[in-house]
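To start, the structure under review is shown below, and the notes come after it.
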Amino acid sequence: MSFSSRVKEELRKQESPARHCCIAEFAALFALAGQVKKSGNGNIYIKIQTENLTVAQKSYILLRKTFRARIDVMVRHNFQSDTGSYFLFVSSKHDVYNILQAVKVIGGQKKQWGSLSEIHYLLVQNTCCKRAFLRGAFMAAGSVSDPEKAYHLEIAVLSEKLALQIRTVISSFRIDAKIVKRKKYYVVYVKEGSQIVDFLNVAGAHAALMDFENVRIVKEVRNSVNRHVNCETANISKTVNAAARQIEDIKYIQCNKGFGKLTEGLKEIAILRLEYPESSLQELGMMLNGPIGKSGVNHRLRKLSDIANQMREEAGR
(Lines give C-alpha, C1' and ligand atoms only; values in the text may rest on other atoms or scores of the structure.)
Protein backbone atom coordinates (compact mmCIF):
# COMPACT_ATOMS: atom_id res chain seq x y z
CA MET A 1 0.00 0.00 0.00
CA SER A 2 1.36 3.42 -0.96
CA PHE A 3 1.91 6.12 1.65
CA SER A 4 -0.93 8.13 0.11
CA SER A 5 -3.31 5.14 0.39
CA ARG A 6 -2.31 4.64 4.02
CA VAL A 7 -3.17 8.27 4.76
CA LYS A 8 -6.58 7.93 3.12
CA GLU A 9 -7.30 4.67 4.93
CA GLU A 10 -6.53 6.36 8.23
CA LEU A 11 -8.74 9.34 7.35
CA ARG A 12 -11.59 6.98 6.44
CA LYS A 13 -11.61 5.74 10.02
CA GLN A 14 -11.87 9.25 11.45
CA GLU A 15 -15.42 9.97 12.60
CA SER A 16 -16.50 13.49 13.49
CA PRO A 17 -18.83 13.51 16.52
CA ALA A 18 -20.66 16.67 15.43
CA ARG A 19 -23.25 16.59 12.63
CA HIS A 20 -22.07 19.91 11.16
CA CYS A 21 -18.55 18.46 10.72
CA CYS A 22 -19.96 15.35 9.03
CA ILE A 23 -21.89 17.59 6.64
CA ALA A 24 -18.74 19.61 5.83
CA GLU A 25 -16.79 16.41 5.13
CA PHE A 26 -19.55 14.96 2.97
CA ALA A 27 -19.92 18.27 1.11
CA ALA A 28 -16.27 17.99 0.02
CA LEU A 29 -16.73 14.38 -1.10
CA PHE A 30 -19.96 15.26 -2.87
CA ALA A 31 -18.42 18.27 -4.69
CA LEU A 32 -15.57 16.10 -5.98
CA ALA A 33 -17.26 12.77 -6.64
CA GLY A 34 -21.00 13.47 -6.66
CA GLN A 35 -23.65 14.51 -9.16
CA VAL A 36 -27.30 15.48 -9.12
CA LYS A 37 -29.01 13.55 -11.93
CA LYS A 38 -32.51 13.41 -13.33
CA SER A 39 -34.18 10.06 -13.98
CA GLY A 40 -36.45 9.17 -16.92
CA ASN A 41 -39.58 10.04 -14.93
CA GLY A 42 -38.24 13.50 -14.08
CA ASN A 43 -37.24 12.79 -10.48
CA ILE A 44 -33.78 13.85 -9.33
CA TYR A 45 -31.36 11.51 -7.60
CA ILE A 46 -27.85 11.69 -6.18
CA LYS A 47 -25.03 9.70 -7.71
CA ILE A 48 -21.54 9.32 -6.25
CA GLN A 49 -18.96 7.68 -8.48
CA THR A 50 -15.36 6.91 -7.53
CA GLU A 51 -12.56 4.46 -8.23
CA ASN A 52 -11.31 4.82 -4.67
CA LEU A 53 -12.80 2.27 -2.29
CA THR A 54 -12.07 4.41 0.77
CA VAL A 55 -14.03 7.33 -0.74
CA ALA A 56 -16.97 5.03 -1.47
CA GLN A 57 -16.86 3.61 2.06
CA LYS A 58 -16.62 7.04 3.70
CA SER A 59 -19.43 8.43 1.53
CA TYR A 60 -21.64 5.48 2.49
CA ILE A 61 -20.86 5.92 6.20
CA LEU A 62 -21.63 9.64 6.12
CA LEU A 63 -24.85 9.19 4.14
CA ARG A 64 -26.10 6.59 6.63
CA LYS A 65 -24.85 8.26 9.81
CA THR A 66 -25.66 11.88 8.99
CA PHE A 67 -28.76 11.65 6.81
CA ARG A 68 -30.04 8.09 7.47
CA ALA A 69 -30.42 7.86 3.71
CA ARG A 70 -31.31 4.71 1.79
CA ILE A 71 -28.44 3.90 -0.53
CA ASP A 72 -28.10 1.60 -3.52
CA VAL A 73 -24.57 0.42 -4.23
CA MET A 74 -23.14 -0.87 -7.49
CA VAL A 75 -19.58 -2.09 -8.18
CA ARG A 76 -18.16 -2.39 -11.66
CA HIS A 77 -14.89 -4.30 -12.04
CA ASN A 78 -12.52 -3.81 -14.97
CA PHE A 79 -10.72 -7.14 -15.36
CA GLN A 80 -8.24 -5.75 -17.92
CA SER A 81 -6.84 -3.07 -15.57
CA ASP A 82 -7.83 -4.89 -12.37
CA THR A 83 -9.54 -1.76 -11.06
CA GLY A 84 -13.03 -1.12 -9.78
CA SER A 85 -15.58 1.67 -9.99
CA TYR A 86 -17.98 2.23 -7.13
CA PHE A 87 -21.40 3.82 -7.50
CA LEU A 88 -23.68 5.04 -4.70
CA PHE A 89 -27.24 6.12 -5.52
CA VAL A 90 -29.73 7.98 -3.34
CA SER A 91 -33.14 7.99 -5.04
CA SER A 92 -35.66 8.74 -2.30
CA LYS A 93 -37.02 12.24 -2.89
CA HIS A 94 -37.04 12.94 0.84
CA ASP A 95 -33.42 11.84 1.26
CA VAL A 96 -32.25 13.71 -1.84
CA TYR A 97 -33.74 17.04 -0.77
CA ASN A 98 -32.61 16.53 2.81
CA ILE A 99 -29.00 16.01 1.64
CA LEU A 100 -29.03 18.86 -0.89
CA GLN A 101 -30.44 21.25 1.72
CA ALA A 102 -27.82 20.16 4.27
CA VAL A 103 -24.93 20.84 1.86
CA LYS A 104 -26.57 24.15 0.87
CA VAL A 105 -27.10 23.30 -2.80
CA ILE A 106 -30.79 24.15 -2.44
CA GLY A 107 -32.61 26.34 0.05
CA GLY A 108 -35.73 25.80 2.12
CA GLN A 109 -38.04 26.35 -0.86
CA LYS A 110 -36.16 23.68 -2.82
CA LYS A 111 -34.71 26.32 -5.14
CA GLN A 112 -31.07 26.19 -6.10
CA TRP A 113 -29.05 28.16 -3.60
CA GLY A 114 -25.46 26.98 -3.86
CA SER A 115 -23.29 25.29 -6.45
CA LEU A 116 -21.45 22.00 -6.89
CA SER A 117 -18.38 23.90 -8.10
CA GLU A 118 -17.59 25.10 -4.57
CA ILE A 119 -18.67 24.53 -0.97
CA HIS A 120 -21.07 27.03 0.59
CA TYR A 121 -19.11 29.25 2.95
CA LEU A 122 -21.55 28.59 5.82
CA LEU A 123 -20.40 24.95 5.93
CA VAL A 124 -16.79 25.83 6.79
CA GLN A 125 -17.15 28.55 9.40
CA ASN A 126 -15.94 26.53 12.40
CA THR A 127 -12.35 25.31 12.73
CA CYS A 128 -13.57 21.74 13.29
CA CYS A 129 -15.63 21.90 10.09
CA LYS A 130 -12.62 23.20 8.15
CA ARG A 131 -10.64 20.17 9.33
CA ALA A 132 -13.45 17.83 8.25
CA PHE A 133 -13.75 19.62 4.89
CA LEU A 134 -10.02 19.19 4.18
CA ARG A 135 -10.23 15.54 5.22
CA GLY A 136 -12.98 14.93 2.67
CA ALA A 137 -11.24 16.93 -0.07
CA PHE A 138 -7.98 15.03 0.40
CA MET A 139 -9.68 11.64 0.41
CA ALA A 140 -11.54 12.40 -2.82
CA ALA A 141 -8.85 14.21 -4.81
CA GLY A 142 -5.61 14.29 -2.85
CA SER A 143 -2.28 12.54 -2.85
CA VAL A 144 0.96 12.76 -0.87
CA SER A 145 4.38 11.51 -1.92
CA ASP A 146 6.31 8.94 0.06
CA PRO A 147 8.55 11.08 2.31
CA GLU A 148 11.47 8.76 1.54
CA LYS A 149 11.37 10.09 -2.03
CA ALA A 150 10.01 13.64 -1.94
CA TYR A 151 7.91 16.16 -0.03
CA HIS A 152 4.76 16.90 -2.02
CA LEU A 153 1.06 16.97 -1.11
CA GLU A 154 -1.64 18.02 -3.53
CA ILE A 155 -5.39 18.14 -4.11
CA ALA A 156 -6.38 18.26 -7.80
CA VAL A 157 -9.86 19.58 -8.70
CA LEU A 158 -11.66 20.64 -11.86
CA SER A 159 -13.19 23.83 -10.41
CA GLU A 160 -11.02 26.91 -9.96
CA LYS A 161 -13.46 28.24 -7.35
CA LEU A 162 -13.14 25.06 -5.31
CA ALA A 163 -9.33 25.14 -5.63
CA LEU A 164 -9.27 28.71 -4.30
CA GLN A 165 -11.57 27.71 -1.47
CA ILE A 166 -9.40 24.72 -0.52
CA ARG A 167 -6.30 26.93 -0.54
CA THR A 168 -8.07 29.51 1.66
CA VAL A 169 -9.09 26.86 4.20
CA ILE A 170 -5.58 25.35 4.24
CA SER A 171 -4.06 28.83 4.68
CA SER A 172 -6.31 29.45 7.70
CA PHE A 173 -4.13 26.89 9.51
CA ARG A 174 -0.98 28.87 8.57
CA ILE A 175 0.01 26.36 5.91
CA ASP A 176 1.45 27.87 2.74
CA ALA A 177 -0.54 26.31 -0.11
CA LYS A 178 -0.21 27.30 -3.77
CA ILE A 179 -2.23 26.60 -6.92
CA VAL A 180 -0.95 25.53 -10.33
CA LYS A 181 -2.94 24.74 -13.49
CA ARG A 182 -2.15 21.26 -14.83
CA LYS A 183 -4.06 20.39 -17.99
CA LYS A 184 -7.75 20.53 -16.98
CA TYR A 185 -7.04 20.46 -13.24
CA TYR A 186 -6.38 23.16 -10.67
CA VAL A 187 -3.85 21.66 -8.27
CA VAL A 188 -3.58 22.94 -4.71
CA TYR A 189 -0.19 21.85 -3.39
CA VAL A 190 2.14 22.00 -0.37
CA LYS A 191 5.83 21.19 -0.80
CA GLU A 192 7.58 22.02 2.48
CA GLY A 193 8.03 18.97 4.74
CA SER A 194 7.01 20.58 8.04
CA GLN A 195 3.90 22.08 6.43
CA ILE A 196 2.82 18.69 5.08
CA VAL A 197 3.14 17.43 8.65
CA ASP A 198 0.86 20.30 9.73
CA PHE A 199 -1.69 19.37 7.05
CA LEU A 200 -1.74 15.72 8.14
CA ASN A 201 -2.29 16.89 11.69
CA VAL A 202 -5.15 19.17 10.65
CA ALA A 203 -6.84 16.39 8.65
CA GLY A 204 -6.43 13.89 11.48
CA ALA A 205 -3.91 11.44 9.98
CA HIS A 206 -1.85 11.21 13.16
CA ALA A 207 -0.28 7.78 12.58
CA ALA A 208 0.81 8.79 9.06
CA LEU A 209 2.07 12.06 10.51
CA MET A 210 4.39 10.17 12.88
CA ASP A 211 5.69 7.98 10.05
CA PHE A 212 6.27 11.06 7.87
CA GLU A 213 7.98 12.93 10.70
CA ASN A 214 10.27 10.00 11.54
CA VAL A 215 11.42 9.74 7.93
CA ARG A 216 11.85 13.50 7.69
CA ILE A 217 13.99 13.66 10.85
CA VAL A 218 16.22 10.79 9.69
CA LYS A 219 16.66 12.45 6.27
CA GLU A 220 17.51 15.82 7.83
CA VAL A 221 20.06 14.26 10.20
CA ARG A 222 21.56 12.27 7.31
CA ASN A 223 21.74 15.39 5.13
CA SER A 224 23.30 17.36 7.98
CA VAL A 225 25.95 14.68 8.51
CA ASN A 226 26.64 14.51 4.77
CA ARG A 227 27.04 18.30 4.58
CA HIS A 228 29.42 18.20 7.55
CA VAL A 229 31.45 15.34 6.05
CA ASN A 230 31.58 17.07 2.65
CA CYS A 231 32.72 20.28 4.32
CA GLU A 232 35.40 18.44 6.28
CA THR A 233 36.52 16.59 3.15
CA ALA A 234 36.75 19.86 1.24
CA ASN A 235 38.78 21.45 4.05
CA ILE A 236 41.14 18.46 4.19
CA SER A 237 41.55 18.52 0.41
CA LYS A 238 42.24 22.25 0.54
CA THR A 239 44.85 21.77 3.31
CA VAL A 240 46.57 18.89 1.47
CA ASN A 241 46.73 20.85 -1.79
CA ALA A 242 48.12 23.90 0.00
CA ALA A 243 50.78 21.78 1.77
CA ALA A 244 51.79 20.18 -1.54
CA ARG A 245 52.29 23.61 -3.13
CA GLN A 246 54.28 24.79 -0.12
CA ILE A 247 56.57 21.72 -0.22
CA GLU A 248 57.07 22.17 -3.99
CA ASP A 249 58.12 25.81 -3.46
CA ILE A 250 60.45 24.92 -0.56
CA LYS A 251 62.12 22.11 -2.55
CA TYR A 252 62.59 24.49 -5.49
CA ILE A 253 64.39 26.94 -3.22
CA GLN A 254 66.43 24.14 -1.65
CA CYS A 255 67.55 22.70 -5.00
CA ASN A 256 68.31 25.98 -6.77
CA LYS A 257 69.48 28.32 -4.04
CA GLY A 258 69.65 26.43 -0.76
CA PHE A 259 68.47 27.68 2.62
CA GLY A 260 71.70 29.57 3.40
CA LYS A 261 70.40 33.03 2.49
CA LEU A 262 66.98 32.58 4.19
CA THR A 263 66.28 34.23 7.51
CA GLU A 264 66.30 31.92 10.54
CA GLY A 265 62.51 32.09 10.77
CA LEU A 266 61.98 31.13 7.12
CA LYS A 267 64.64 28.45 7.24
CA GLU A 268 63.14 26.88 10.37
CA ILE A 269 59.60 26.75 8.96
CA ALA A 270 60.90 25.42 5.59
CA ILE A 271 62.69 22.51 7.31
CA LEU A 272 59.66 21.73 9.51
CA ARG A 273 57.29 21.72 6.52
CA LEU A 274 59.53 19.23 4.69
CA GLU A 275 59.80 17.00 7.76
CA TYR A 276 56.07 17.16 8.62
CA PRO A 277 54.16 17.44 5.31
CA GLU A 278 50.81 16.39 6.85
CA SER A 279 50.87 18.74 9.86
CA SER A 280 48.50 21.69 10.08
CA LEU A 281 49.71 25.28 10.28
CA GLN A 282 48.82 25.38 13.95
CA GLU A 283 50.82 22.23 14.63
CA LEU A 284 53.84 23.61 12.74
CA GLY A 285 53.65 26.81 14.78
CA MET A 286 53.81 24.85 18.02
CA MET A 287 56.99 23.03 16.87
CA LEU A 288 59.01 26.22 16.39
CA ASN A 289 61.60 27.24 18.97
CA GLY A 290 59.54 30.33 19.63
CA PRO A 291 55.96 29.09 19.04
CA ILE A 292 53.78 31.31 16.85
CA GLY A 293 50.17 31.19 15.75
CA LYS A 294 48.54 29.91 12.58
CA SER A 295 48.59 33.31 10.86
CA GLY A 296 52.31 33.72 11.60
CA VAL A 297 53.12 30.33 10.05
CA ASN A 298 50.97 31.16 7.03
CA HIS A 299 52.80 34.48 6.61
CA ARG A 300 56.22 32.73 6.57
CA LEU A 301 55.07 30.09 4.08
CA ARG A 302 53.67 32.82 1.79
CA LYS A 303 57.07 34.55 1.93
CA LEU A 304 58.74 31.28 0.86
CA SER A 305 56.21 30.95 -1.98
CA ASP A 306 56.97 34.52 -3.12
CA ILE A 307 60.72 33.77 -3.09
CA ALA A 308 60.21 30.58 -5.15
CA ASN A 309 58.00 32.39 -7.69
CA GLN A 310 60.56 35.18 -8.02
CA MET A 311 63.32 32.62 -8.64
CA ARG A 312 61.18 30.93 -11.32
CA GLU A 313 60.61 34.27 -13.06
CA GLU A 314 64.32 35.04 -13.03
CA ALA A 315 65.17 31.59 -14.35
CA GLY A 316 62.71 32.05 -17.20
CA ARG A 317 64.22 35.27 -18.48
Results of side-chain hydrogen bond (donor to acceptor under 3.5 Å, both in side chains) for [X] - residues two or more places apart only:
X: Arg245; value: none
X: Asp249; value: Ser305, Arg312
X: Asn41; value: Ser39, Asn43

Is it the case that more than 12 heavy atoms not belonging to [X] sit under 6.0 Å from its [atom1] atom?
X: Met287; atom1: CE; answer: yes
X: Lys251; atom1: NZ; answer: no
X: His206; atom1: NE2; answer: yes
X: Lys181; atom1: NZ; answer: yes
X: Tyr276; atom1: OH; answer: no
X: Glu278; atom1: CD; answer: no
X: Met74; atom1: CE; answer: yes

If you define the side chain from C-beta out and look only at heavy atoms, does anything of [X] sit under 4.5 Å from [Y]?
X: Val144; Y: His152; result: no
X: Leu100; Y: Ile46; result: yes
X: Leu134; Y: Phe199; result: yes
X: Tyr60; Y: Val55; result: no
X: Asp198; Y: Phe173; result: no
X: Glu213; Y: Ile196; result: no
X: Ile61; Y: Thr66; result: no
X: Glu192; Y: Asp176; result: no

Which atoms form the tightest heavy-atom contact between [X] and [Y], and what is the distance?
X: Val157; Y: Ala141; value: CG1-CB, 4.4 Å
X: Asp95; Y: Arg68; value: OD1-O, 4.3 Å
X: Leu288; Y: Leu272; value: CD2-CD1, 3.4 Å
X: Ala28; Y: Gly136; value: CB-C, 3.8 Å
X: Lys184; Y: Leu158; value: O-CD2, 3.7 Å
X: Ile23; Y: Ala102; value: CG2-O, 3.4 Å

Worksheet entry | Chi angles and distances behind the side-chain contact (heavy atoms from CB on, under 4.5 Å) call for Ile48, Leu63 | CA-CA 11 Å; Ile48 295 176; Leu63 284 168; 4.2 Å; yes
Can you sort out the partners of [X] under side-chain contact (heavy atoms from CB on, under 4.5 Å), two or more places apart, ordered by chain and number?
X: Tyr86; result: Thr50, Leu53, Ala56, Val75
X: Ala205; result: Val7, Glu10, Leu11, Leu200, Ala208
X: Glu160; result: Leu164, Tyr186
X: Gln282; result: Ser280

Worksheet, complete the sentence: Those residues at least two apart in sequence (or on a different chain) that pass ring-ring contact (aromatic ring centres under 6.0 Å, His included) with Phe67 are Phe26
Item to complete: Applying side-chain contact (heavy atoms from CB on, under 4.5 Å), run through Arg70 and Ser91 and close with a yes or a no.
Response: CA-CA 8 Å; Arg70 288 170 287 179; Ser91 303; over 6 Å; no
Worksheet item: Ser2 and Ser5: side-chain donor and acceptor closer than 3.5 Å?
Response: yes
State the [atom1]-[atom2] distance between [X] and [Y], to the nearest 0.5 angstrom.
X: Met139; Y: Glu25; atom1: CE; atom2: CD; answer: 7.0 Å
X: Ser4; Y: Leu153; atom1: OG; atom2: CG; answer: 8.0 Å
X: Glu268; Y: Ile292; atom1: CD; atom2: CD1; answer: 8.5 Å
X: Phe30; Y: Gln35; atom1: CZ; atom2: CD; answer: 8.5 Å
X: Ile166; Y: Lys130; atom1: CD1; atom2: NZ; answer: 14.0 Å
X: Leu62; Y: Leu88; atom1: CG; atom2: CG; answer: 11.0 Å

Discussion item. For residues Ile269 and Met311: do they belong to one hydrophobic cluster (side chain heavy atoms under 4.5 Å, members Ile, Leu, Val, Met, Phe, Trp, Tyr)?
Written reply: yes
Discussion item. Taking Ile307 as the starting point, is it possible to reach Ile271 by hopping between hydrophobic residues whose side chains are less than 4.5 Å apart?
Written reply: yes
Worksheet entry | Residues Val218, Arg222; criterion side-chain contact (heavy atoms from CB on, under 4.5 Å); working and verdict | CA-CA 6 Å; Val218 170; Arg222 186 191 304 138; 3.5 Å; yes
Worksheet entry | Set of residues satisfying salt bridge (Lys or Arg N to Asp or Glu O under 4.0 Å) with respect to Arg76, sequence neighbours excluded | none
Fill in: Test salt bridge (Lys or Arg N to Asp or Glu O under 4.0 Å) applied to Arg12 - qualifying residues, sequence neighbours left out
Glu9
Discussion item. With ring pair (Phe, Tyr, Trp, His ring centres under 6.0 Å) as the rule and sequence neighbours excluded, what pairs involving residues 231-261 come up?
Written reply: none
Discussion item. Can you confirm whether or not the ring centre of Phe212 sits under 6.0 Å from the ring centre of Tyr151?
Written reply: yes
Response to the item:
salt bridge (charged side-chain N to carboxylate O under 4.0 Å, His left out) pairs touching residues 283-309, sequence neighbours excluded, are none
Discussion item. I'd like to know whether Leu274 forms a side-chain contact (heavy atoms from CB on, under 4.5 Å) with Ile247, so could you lay out the CA-CA distance, the side-chain angles of the two residues, the decisive distance to 0.1 Å, and finally the verdict.
Written reply: CA-CA 6 Å; Leu274 292 176; Ile247 291 170; 3.9 Å; yes
Worksheet item: For the salt bridge (charged side-chain N to carboxylate O under 4.0 Å, His left out) test, which of Lys178, Arg182, Lys191 pairs with Glu154?
Response: Arg182
